[in-house]
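Because the structure is a prediction, the values reported are computed rather than measured.
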Amino acid sequence: MENGEKAVETVVVGNYVEMESEGKASDMKSKLSNMFWHGGSVYDAWFSCASNQVAQVLLTLPYSFSQLGMLSGILFQLFYGLLGSWTAYLISILYVEYRTRKEREKVNFRNHVIQWFEVLDGLLGKHWRNVGLAFNCTFLLFGSVIQLIACASNIYYINDNLDKRTWTYIFGACCATTVFIPSFHNYRIWSFLGLLMTTYTAWYLTIASILHGQVEGVKHSGPSKLVLYFTGATNILYTFGGHAVTVEIMHAMWKPQKFKSIYLFATLYVLTLTLPSASAVYWAFGDLLLNHSNAFALLPKNLYRDFAVVLMLIHQFITFGFACTPLYFVWEKLIGMHECRSMCKRAAVRLPVVIPIWFLAIVFPFFGPINSTVGSLLVSFTVYIIPALAHVFTFRSAASRENAVEQPPRFLGRWTGAFTINAFIVVWVFVVGFGFGGWASMINFVHQIDTFGLFTKCYQCPPPVMASPPPISHRPHVNHTRGL
C-alpha cells in the first residue's frame with residue numbers, strides 16, 4: 001500500500017502553474033508575492049475549506065436553532081458535519097483517480113483548472129457531466145447571490161441611511177473586483193484572514209449573548225411546526241455543503257492527494273465556532289430569532305458589534321470570490337479564454353458572470369430563508385447525492401476497485417462499508433433533505449415573497465419612525481391688517 005501511495009504521489013504532482021511566469025523568483029518582491037499570494041500547501045487548503053465553509057451562515061444558524069430547538073440544532077450540526085466530510089472525501093478520491101488516469105495518458109493540465117464536471121465526464125461520461133455541471137453551476141450562482149445579500153443585510157446594522165437594496169447595488173460593484181483573482185492558488189492570505197474574521201465574529205456572538213443574558217420573558221418553543229423544523233435542518237445541510245469548490249481547491253495544491261482528510265479537520269474547527277455561537281444566541285433571545293434571521297439584529301449596537309459586522313463584510317467578499325471563481329472558469333472554457341495568459345483579458349470576459357448574480361440578489365433579498373431553499377434543492381444533489389452515486393458507479397466493477405488509486409479505509413469496511421455509507425447518504429438526503437426540506441423551504445420562501453414581495457427595498461427592516469406633528473398653537477389670532 002505504501003508503494004502504491006508513492007506511485008500516486010509521483011503521478012499526481014503539483015504542476016499547477018496557473019498564470020504564473022516560468023522560472024524561480026529571487027527578488028524580495030517575488031518572495032513576498034509567493035508568501036501572501038501563491039498558496040498550494042496542505043495548510044492553504046485547510047484555511048480555504050474552513051474559511052469557505054462557515055461564512056455568513058454563522059449569522060443564520062441561531063435562526064435555524066429557533067426553528068429546530070437546541071437539541072436538534074446541535075445534533076444536526078454534528079450529523080451533517082460528518083456527512084459533508086465524507087462526501088468531500090469521496091470528491092477528493094474521484095479527483096485523484098481522474099487526474100492519475102489522465103496524467104498516465106500524458107495529458108498536461110498546465111494552465112488548465114480541473115473542475116468537478118470534468119471529473120464526472122472523464123470517469124462516467126457526458127450525461128453525468130451535464131447533470132453535475134447544471135447542479136454545480138446553479139448552486140455556485142445562488143451561493144454567490146447569498147453572499148451579496150448577506151453584505152447588504154450586515155452593513156445595514158452599521159449604516160441604515162441607505163436601504164438594503166441600495167447597499168446590494170454598491171456591494172455588487174465591489175464584489176465584481178474578484179474577476180482579477182486568477183484562481184484558488186491565489187487565495188492564501190485571504191483564506192487566512194477570512195478564518196480569523198469568522199473566528200472573532202463567532203466568539204463575539206457567543207460572549208455578547210452570554211453577557212447580554214436572556215431577554216425578559218424569553219421562550220424556546222422550537223420545534224413548533226414541521227415546516228420550520230425542516231427549514232432549519234436544510235439550512236444546516238447548506239452550512240456543511242460548502243465543498244462544491246473542493247476540486248478547484250485540490251487542483252491548486254502542490255500535492256492534491258493529501259487533501260482527503262483536510263475537510264474533516266476543517267469541519268471540526270468550524271464546529272468549535274458554530275455550536276457555541278448558535279447555542280448562546282438562541283439561549284439569550286429564543287423565539288425572537290424566528291423573525292430575525294440575522295443574529296446581528298438582536299445584539300446591542302456597540303464598537304464590538306460594528307467591528308464584527310465589518311469583518312463579516314470583508315469575509316463575505318472573500319467567500320463571494322470562492323463561490324464565483326469556478327463559475328468564471330466554466331465561462332472562460334465555454335468562450336475559449338481559459339488558457340489565455342493575459343489576466344486583464346480574462347478579467348474583462350468574466351464580468352458578465354457577475355450580472356445575473358447582482359440581479360438575483362435584488363430580486364430575492366431573503367437573507368436566511370434563501371439558504372434553506374438552496375440547501376434543499378441544490379446542495380442536496382450537488383455535494384451529497386451526486387458524489388455518493390458517482391463513487392459507487394465509478395468503482396462498481398471488481399477490476400475498477402482492484403485498480404483504484406485510493407482504497408477506502410479499512411476501519412470502515414473497505415468497499416462494502418463505503419458503498420453502504422453512500423447508499424445511506426443518498427436515501428437520507430433525498431428523502432429528508434430534498435423531500436421534506438424542499439417542501440418546507442419552498443413554503444417558507446413563498447411566504448417571504450407574499451409578505452415582503454420581490455425586489456423589496458429593505459427585507460426585515462424595522463418600520464420607519466414617523467415624525468411627530470408640530471404642536472398646535474392656542475394663541476389668539478392677531479389681525480395684522482388692522483389699521484390699514
Legend entry - Donor-acceptor contact below 3.5 Å, side chain H338 vs main chain R346: no
Inset, instruction - Would you tell me whether S376 and S441 have side-chain atoms, one donor and one acceptor, within less than 3.5 Å of each other? - result: yes
Legend entry - Flag for S153-N294: side-chain donor and acceptor within less than 3.5 Å: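 Note: N294 and S153 side chains meet the donor-acceptor criterion.
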Legend entry - Any residue meeting salt bridge (Lys or Arg N to Asp or Glu O under 4.0 Å) with K219, in chain and number order, not counting sequence neighbours: none
Legend entry - Minimum-distance pair of heavy atoms, taken over all atoms of H112 and E118: NE2-OE2, 3.0 Å
Legend entry - Summary of salt bridge (charged side-chain N to carboxylate O under 4.0 Å, His left out) pairs that have at least one residue in residues 129-141, sequence neighbours excluded: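 Every salt bridge (charged side-chain N to carboxylate O under 4.0 Å, His left out) pair that includes a residue of residues 129-141, provided the two are not neighbours, is D121-R129.
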What about the rings of [X] and [Y], do their centers lie closer together than 6.0 Å?
X	Y	answer
Y98	W116	no
Y156	W167	no
W128	F393	yes
F171	F317	no

Legend entry - Set of residues satisfying side-chain hydrogen bond (donor to acceptor under 3.5 Å, both in side chains) with respect to T178, sequence neighbours excluded: Y328
Legend entry - Counterpart residues, side-chain hydrogen bond (donor to acceptor under 3.5 Å, both in side chains), relative to T201 (two or more places apart):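 side-chain hydrogen bond (donor to acceptor under 3.5 Å, both in side chains) list for T201, sorted by chain: empty.
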Legend entry - Set of ring pair (Phe, Tyr, Trp, His ring centres under 6.0 Å) partners for F192, sequence neighbours left out: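 In terms of ring pair (Phe, Tyr, Trp, His ring centres under 6.0 Å), with neighbours along the sequence ignored, F192 is linked to F47.
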Legend entry - Test: R101 and E105 ion pair at under 4.0 Å: no
Legend entry - Steps toward side-chain hydrogen bond (donor to acceptor under 3.5 Å, both in side chains) verdict (T60, N235): CA-CA 8 Å; T60 62; N235 186 38; 3.3 Å; yes
Inset, instruction - State, yes or no, whether a side-chain contact exists between P326 and Q115 at a heavy-atom distance under 4.5 Å. - result: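 They are in contact (side-chain heavy atoms under 4.5 Å apart), so the answer is yes.
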Legend entry - Stepwise side-chain hydrogen bond (donor to acceptor under 3.5 Å, both in side chains) check, S72 with Y229: CA-CA 9 Å; S72 291; Y229 188 82; 3.1 Å; yes
Inset, instruction - Could you list all the side chain to side chain donor-acceptor pair (under 3.5 Å) pairs where at least one residue sits in residues 267-291, not counting sequence neighbours? - result: Q53-T267, Q77-T274, S85-T267, T199-Y269, S221-D287
Legend entry - Over 12 foreign heavy atoms within 6.0 Å of CZ, F430: no
Legend entry - Qualifying residue for ring-ring contact (aromatic ring centres under 6.0 Å, His included) with F445, from F452, W439, F364: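 Only one option passes, and that is F364.
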